[in-house]
K.L.:
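Let me give you the structure first, and then I'll get to my questions.
All figures in this text were calculated on a predicted structure; none of them were measured in a lab.
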Amino acid sequence: SSVSVAGGTVWAVGTGTCAHLHCHWLVMRGPASGDRLPATASQPLPITNQIATTISASSATTAYVSQPAGDGTVIYGTSDGGRHWRRIADSCAGGSSDFALTAPTATTLWRVCVRSKRFFVVRSADGGTRWSRMNLPFIPLFSFQAVSNQVAWSQDIHGTIWRTANGGASWQPVWHSSGGPYGRPRGGFSPTLSAQNGDDASVLVELTRGPTSDGRPARSTSLVVYRTTDGGRSWDPRAVQLPRG
């Protein structure tokens, strides 16, 4: 149900033993070049039949698992390849989260939480022992991508891309879905954010119509990728040619 790759190693949450429609979900780990993902030596407890269990790996030996539990979330971490797991306190402090925990480094953890209809981000720099909380100036939609201890990217309900470079203390809008040289995004379509690191990110946009002038992509074009390599200060649009029809 969840896969994360780091340090040439694949971590995944998948089905273990199943009886009828009830399955126990296991954490698995193996080399990215291999063809098998064996279960880790031990498992975070309790492993349930909760399909929403997610995993975020920051290295070949360090990964964090989170799963819904009642009104909160249970989080476990390992730093020895899954031989041992430790439980981490739920950082949303009475709130809830529809976003998976993100671990961009071995000791850096980020989560988006909501409480009383107010969204905030929590961050830990010591593997979950202590957490700091910062309110969000926007309502996140689907995507929250932390790439380091200080930098994270997110997308709001209007399609605007936001970025923080100081651990969530402040956020700046760096991309707006108001259209560009190739036309306006299709109504109801949410741009897709993909952040590679603190400076490099891209946004995939679907168009309402393709360009028509000479020397530009054919009218059948319906996708454009906007990419930045300077932290969102400038964006380079590239049309994706699709087959006609």
Side-chain angles (χ1 to χ4, degrees), residues 1-18 23-69 73-91 97-112 121-131 142-154 167-168 192-202 204 227 229:
S1 67
S2 178
V3 176
S4 185
V5 182
T9 298
V10 176
W11 296 77
V13 178
T15 54
T17 57
C18 293
C23 294
H24 290 275
W25 296 82
L26 299 177
V27 177
M28 302 175 291
R29 173 182 175 271
S33 58
D35 57 3
R36 293 184 66 251
L37 285 179
T40 53
S42 67
Q43 295 291 320
L45 299 174
I47 289 295
T48 69
N49 65 330
Q50 176 55 259
I51 194 172
T53 300
T54 61
I55 190 164
S56 179
S58 57
S59 72
T61 57
T62 302
Y64 296 86
V65 171
S66 59
Q67 60 183 210
T73 301
V74 177
I75 304 172
Y76 293 90
T78 180
S79 57
D80 58 9
R83 290 191 294 273
H84 302 90
W85 296 85
R86 63 184 178 91
R87 182 165 179 172
I88 298 170
D90 187 352
S91 53
S97 178
D98 293 329
F99 294 82
L101 176 143
T102 304
T105 74
T107 57
T108 303
L109 307 179
W110 294 73
R111 288 188 72 201
V112 175
V121 63
V122 292
R123 183 178 63 90
S124 173
D126 57 11
T129 301
R130 295 180 298 273
W131 295 85
F142 303 131
S143 182
F144 181 90
Q145 299 178 31
V147 294
S148 72
N149 182 45
Q150 295 294 312
V151 180
W153 305 73
S154 189
T192 302
L193 169 67
S194 177
Q196 310 307 314
N197 54 51
D199 294 322
D200 193 342
S202 61
L204 177 65
R227 183 183 178 190
T229 56

K.L.:
If you compare all heavy atoms of A152 against all heavy atoms of F144, which two are closest, and at what distance to 0.1 Å?
P.N.:
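Result for this residue pair: CB-CZ, 3.9 Å.
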K.L.:
Do side-chain atoms of T78 reach the backbone of A63 as a donor and acceptor pair under 3.5 angstrom?
P.N.:
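Not at all, since once roles are kept as given, no pair shorter than 3.5 Å links the two residues.
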K.L.:
Do V13 and T53 have side chains that get closer than 4.5 Å, going by heavy atoms?
P.N.:
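The answer is yes, as the side chains (C-beta and beyond) meet within the 4.5 Å cut-off.
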K.L.:
Minimum heavy-atom separation for G127 to Y64, with atom names?
P.N.:
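Looking at all heavy atoms of both residues, the closest pair is CA-OH, 3.8 Å.
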K.L.:
Tell me, do T61 and D80 make a side-chain contact under 4.5 Å, heavy atoms counted?
P.N.:
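Side-chain contact under 4.5 Å: no.
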K.L.:
Please examine the side chains of R227 and D200, heavy atoms only from C-beta on, and report whether any two atoms are closer than 4.5 Å.
P.N.:
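Touching, per the 4.5 Å side-chain cut-off.
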K.L.:
Identify the heavy atoms of N197 and W153 that sit nearest to each other, and give their distance.
P.N.:
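That closest heavy-atom pairing would be O-NE1, 3.1 Å.
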K.L.:
Counting C-beta onward and ignoring hydrogens, is there a side-chain heavy-atom pair between I75 and V65 closer than 4.5 Å?
P.N.:
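The answer is no; the side chains never approach within 4.5 Å.
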K.L.:
Looking only at heavy atoms, what is the nearest atom pair of S124 and T129, with distance?
P.N.:
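So the minimum-distance heavy-atom pair works out to OG-N, 3.9 Å.
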K.L.:
At their closest point, which heavy atom of A57 faces which heavy atom of W11, and how far apart are they?
P.N.:
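Distance-wise, the nearest heavy atoms are CB-CD1, 3.3 Å.
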K.L.:
Within the structure provided, determine whether D199 and T229 are in side-chain contact (heavy-atom separation under 4.5 Å).
P.N.:
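They are not in contact (no side-chain heavy atoms under 4.5 Å apart), so the answer is no.
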K.L.:
Between the main-chain N or O of W110 and the side-chain N or O of R123, is there a donor-acceptor pair closer than 3.5 Å?
P.N.:
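A pair under 3.5 Å: no.
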K.L.:
Any idea which heavy atoms bring S143 and S154 closest together, and the distance?
P.N.:
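Nearest heavy atoms, S143 then S154: O-OG, 2.9 Å.
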K.L.:
Rounded at 0.5 Å granularity, tell me how far CG in N149 sits from OG1 in T107.
P.N.:
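Those atoms lie 7.0 Å apart.
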K.L.:
State, with a plain yes or no, whether a side-chain heavy atom of V74 is found less than 4.5 Å away from one of R87.
P.N.:
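The answer is yes; the side chains approach within 4.5 Å.
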K.L.:
Please confirm whether the backbone N or O of G82 pairs with a side-chain atom of S42, one donor and one acceptor, at under 3.5 Å?
P.N.:
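A pair under 3.5 Å: yes.
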K.L.:
Under 3.5 Å, is there a donor-acceptor pair between the side chain of S148 and the main chain of V151?
P.N.:
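Such a contact is found between S148 side chain and V151 backbone.
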K.L.:
For the OG atom of S79 and the NE2 atom of H84, what is their distance to the nearest 0.5 Å?
P.N.:
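The OG atom of S79 sits 9.5 Å away from the NE2 atom of H84.
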K.L.:
In residues 26-39, what donor-acceptor pairs under 3.5 Å come from side-chain atoms, sequence neighbours left out?
P.N.:
{"unit_1": "R29", "atom_1": "NE", "unit_2": "A60", "atom_2": "O", "d": "2.9"}
{"unit_1": "R29", "atom_1": "NH2", "unit_2": "A60", "atom_2": "O", "d": "2.9"}

K.L.:
Mind checking whether T54 and S56 have side chains closer than 4.5 Å, heavy atoms only?
P.N.:
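In short, these two side chains do not touch, never coming nearer than 4.5 Å.
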K.L.:
Between CG of L193 and CG of L204, what distance do you get to the nearest 0.5 Å?
P.N.:
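L193 atom CG to L204 atom CG measures 10.5 Å (nearest 0.5 Å).
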K.L.:
Are T102 and L109 packed together at the side-chain level, in the sense that at least one heavy-atom pair is separated by less than 4.5 angstrom?
P.N.:
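T102 vs L109: side chains apart.
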K.L.:
Decide if atom CZ of R130 counts as having more than 12 heavy atoms of other residues, nucleotides or ligands within a radius under 6.0 Å.
P.N.:
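Atom CZ in R130 is not crowded, with 12 or fewer foreign heavy atoms closer than 6.0 Å.
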